[in-house]
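Source: prediction; values computed, not measured. Worth knowing before you read on, the calculation uses all heavy atoms, side chains too, and leaves out hydrogens, waters and symmetry mates.
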Amino acid sequence: MSKLEFWLLDINYDVVGGVPEIRMWGVDAQGRRVVVIDRSFRPYFYVVVSDWGEKQSETLRRALAPYGVISLEPVEKRLFGRPVKAVKVTLSNPRLVPKARESAARVSFVQDVLEADIRFYMRYMVDNGILPSAWHTVDVEEADKPKQWAVDAVYLAKSPPKPLSEDRQPPPLRVAAFDIECYNRYGEPDPERDPVIIIGVSDGADVKLLTAEDKSDARLLREFVALISRIDPDVIVGYNSNRFDWPYLLERASKNHVKLAVTRAGGQPAPSVYGHYSVTGRANVDLYDYAEEIYEVKVKSLENVADYLGVMKKDERVLIDPNLIYAYWDDPQKRPTLLRYAEDDVKSTYGLAEKTLPFGIQLSSIVGLPLDQVFAASVGNRVEWHLIRQAYLYGELVPNRVERGYETYKGAIVLKPKPGVHQNVAVIDFSSMYPNIMIRYNVSPDTYVPPTEEVSEDEVWVAPEVGHRFRKHPPGFYKKVLERLLEARRRIREKLKELDPESPEYRILYERQRAIKVIANATYGYCGWSGARWYKREVAEATTAWGRMLIRRTIEYARKLGLNVIYGDTDSVFVNYDPDKVEKLIRYVEEELGFEVKVDKVYKKVFFTEAKKRYCGLLEDGRIDVVGLEAVRGDWAEISKEVQEKVIEIVLKEGDPWKAVEYVKKVIDELNAGKVPLEKLIIWKTLTKELDSYEVDAPHVVAAKQLLEAGYRVRKGMKIGYIITKRGGEKVSSRARPFFLVKSIDEVDTDYYIRRQIVPAALRILSYFGIKEEHILGGKKQASLFDFF
DNA sequence: GCCTTGAAGTTACCG
DNA sequence: ACCGGTAACTTCAAGGCG
């Protein structure tokens with residue numbers, strides 16, 4: 001027997017000779033790739049019973065007999081904080097759990113079946129405190145290695161692994177990025193018909209471009225399998241690989257009778273939870289999932305995301321129209337360009353992995369989902385897995401998912417801003433307001449006291465406005481969970497202060513505290529989500545009610561101090577920066593209200609219109625913040641955003657709105673002269689539902705229908721880029737066309753872009769200064785129409 | 001039948 | 001499949017006028 005330290009990369013299970021075995025794929029301290037097998041674990045679930053004795057035990061045992069029941073064990077557990085009579089039902093085979101669950105549910109004294117939907121390997125990790133993307137120590141015995149397994153050693157665990165320090169660095173991981181190009185002469189490539197023509201693979205040092213000869217990809221697929229096997233990556237990354245590359249490769253492989261044996265167990269990738277493909281023994285990460293969370297990037301193409309993250313600048317790489325890939329392939333002159341394009345794609349993908357994996361690794365170990373699942377899982381699922389882990393530690397049963405109706409409740413307060421330019425404004429905001437409210441007032445489903453229940457007043461916190469009551473003691477589930485998270489984050493931030501920001505340790509811990517913050521902040525939203533296991537409307541409702549109270553009291557006190565409250569939203573107040581008074585305000589909130597606030601930023605100048613949630617400000621270092629305005633929205637043409645940004649800059653930095661008018665006029669002249677590139681006129685909008693379920697023919701819907709007609713695949717979730725042209729009727733939508741079908745500026749309805757894009761975006765700022773449309777369009781034909789009225 | 005007006009539908013933002 | 005609050009656009013139908 002020996003001790004093994006390993007970092008857990010992937011986990012799965014199989015049933016061998018009727019015995020389930022957990023397989024933990026990882027990297028050990030010497031950099032060897034290992035599998036640790038545990039055959040001692042058995043699946044189980046709980047039944048909540050109204051009664052438990054010899055008779056019930058016999059009945060249940062009989063009902064479950066066909067499913068290999070091993071034991072029935074009454075246990076002390078709680079559900080939503082209340083002790084319940086529960087029986088732990090242990091089975092021999094994880095695959096029989098669903099059937100056994102149904103059977104158990106039919107037994108008369110069984111009130112509920114719980115935790116039967118926790119996947120077997122997740123169950124194993126939760127129960128043993130095992131964390132993916134983290135180090136463990138385990139007593140092992142070396143075992144025979146099945147010959148198709150691509151690892152250095154296989155071990156049998158003598159007992160379950162134990163987690164080591166969470167701050168320890170991950171081992172050096174081998175990462176491979178891949179990207180495929182398909183023949184697409186007939187539009188969207190169809191794996192039934194169109195071969196894969198290029199597969200690019202990068203291991204960070206080298207890029208290999210595998211190509212198909214004569215449009216036959218059987219050999220190409222075999223080469224890909226061989227290359228992956230040679231690189232033997234721990235992490236395989238792609239861009240949209242779960243939705244495109246993997247399913248496409250698998251289908252081509254099947255057509256060509258090639259086994260896509262890229263897993264460490266010698267098998268093929270397999271569809272798995274959250275729409276991701278599992279590549280056993282490796283982490284298969286789709287970076288598109290990460291990109292979806294970068295809201296600053298509106299059109300989430302690989303080149304845009306790589307550009308934004310500073311991985312590869314758009315103007316320093318080869319870009320070709322994806323629809324013309326086949327043409328570049330067919331033309332020997334152009335094929336080298338296509339190859340460079342494929343190379344840039346795969347290099348960008350690798351670069352993206354370098355930027356994002358450190359965060360992914362930390363998120364994975366905090367919420368407890370394997371690295372390849374954590375990006376693919378929704379925010380709700382991430383929070384939920386974090387909660388499931390904690391529930392186990394507290395002896396709380398995991399509630400079942402239940403179908404519920406949708407309920408609304410009141411949210412945060414947004415103040416009407418004071419319009420105009422304000423100098424020297426401090427933004428004061430609450431640190432993690434909602435998590436801290438839940439901690440302070442013990443807001444949780446298990447501490448909630450229903451109206452029917454009588455308790456003495458001093459035992460409960462009563463939420464303002466809504467009157468929901470929560471027991472002060474004992475600490476509720478959410479409180480315990482959030483306190484632990486915030487405390488961990490505090491500790492890490494303390495440690496960060498002592499580290500060199502350029503060091504790898506710093507990077508790891510920085511990403512870790514960021515991941516913790518993300519989960520803590522999402523927990524409030526989770527509790528108000530009707531799909532949540534720990535959903536309780538009153539919990540969410542009380543949290544926002546306390547939030548409103550806090551912000552109101554803060555504003556009141558600020559005014560009492562003589563501060564000018566200019567604006568506020570949810571957990572922030574904007575006041576004139578009088579350091580003494582601001583200091584007093586902060587002390588008041590900390591001492592009287594018991595919450596932490598800080599000066600988040602100070603604006604040299606900040607400008608508001610009458611609208612909430614939209615403003616712009618000049619910071620002391622000369623940077624400009626734009627919030628909510630057209631310039632930061634993805635559904636305005638680039639030209640309008642550019643104009644607004646520049647107008648804001650002129651107004652804030654030079655204080656001369658009329659100078660901005662001159663600038664806007666200049667841009668309009670350029671547009672009229674046909675000097676504005678077509679790309680700046682594209683308007684992008686998401687297709688949020690199926691095309692035929694739209695009630696209104698909005699411009700992007702009309703454009704999408706044209707795409708469909710032209711033979712393109714149109715799917716929910718796509719961003720549709722369109723340009724408004726002259727051709728068509730009165731309705732804007734009748735003049736919308738997919739952007740790439742518009743070939744010349746002459747087709748463009750420049751009047752639309754002037755009157756409905758550029759001018760409104762500029763006037764959003766300028767109208768406060770008395771500037772009107774005719775001042776911008778002055779002297780032009782359009783203005784005379786106005787004068788007429 | 002034409003024009004105005006406001007509601008409804010839609011998207012993307014803020015915190 | 002995390003929440004509610006908000007602005008702003010386009011379409012569409014109702015209402016007023018004649």
Under 3.5 Å, N/O pairs linking protein and nucleotides 12-16 of chain C:
| from | atom 1 | to | atom 2 | distance (Å) |
| --- | --- | --- | --- | --- |
| dC12(C) | OP2 | K731(A) | NZ | 3.0 |

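Closest to the side chain of K298(A), from the set dC13(B), dA8(C), dT10(B), is dC13(B). Of the candidate nucleotides dG4(C), dC14(B), dT10(B), dG4(C) has the atom nearest to the side chain of Y406(A). Here the side chain of Y295(A) is nearest to one of dT10(C), dG5(C), dC14(B), namely dC14(B). In this structure, the nucleotide among dC9(C), dG5(C), dC3(C) sitting nearest to the side chain of Y409(A) is dC3(C). Set against dC9(C), dT10(C), dT11(B), the side chain of Y694(A) has dT11(B) as its closest nucleotide. Between dC2(C), dC3(C), dT10(B), one nucleotide has an atom nearer to the side chain of H700(A) than all others, and that is dT10(B). The nucleotide whose nearest atom lies closest to any side-chain atom of K410(A) is, among dA7(C), dT11(B), dG5(C), dG5(C). The nucleotide whose nearest atom lies closest to any side-chain atom of V379(A) is, among dT10(C), dC2(C), dG15(B), dC2(C). When distances are taken from the side chain of R633(A) to each of dT10(C), dT10(B), dA12(B), the shortest belongs to dA12(B). The P699(A) side chain lies nearest to dT10(C) when the options are dT10(C), dC13(B), dA1(C).
Residue contacts shown for Y615(A) are limited to sugar-phosphate atoms, with no base heavy atom under 4.0 Å away. Within 4.0 Å of V732(A), counting heavy atoms only, lie sugar-phosphate atoms of the nucleic acid but no base atom. Contact annotation for T544(A): no contact, since no heavy-atom pair falls under 4.0 Å across all strands.
Between R713(A) and M718(A), the closest side-chain pair of non-hydrogen atoms is not below 4.5 Å.
Rounded to an integer number of Å, the gap from W636(A) CH2 to dA7(C) P is 15 Å.
With Y392(A) as the partner, the side chain to side chain contact (heavy atoms under 4.5 Å, CB included) test is satisfied by one option alone out of I118(A), V126(A), L387(A): V126(A).
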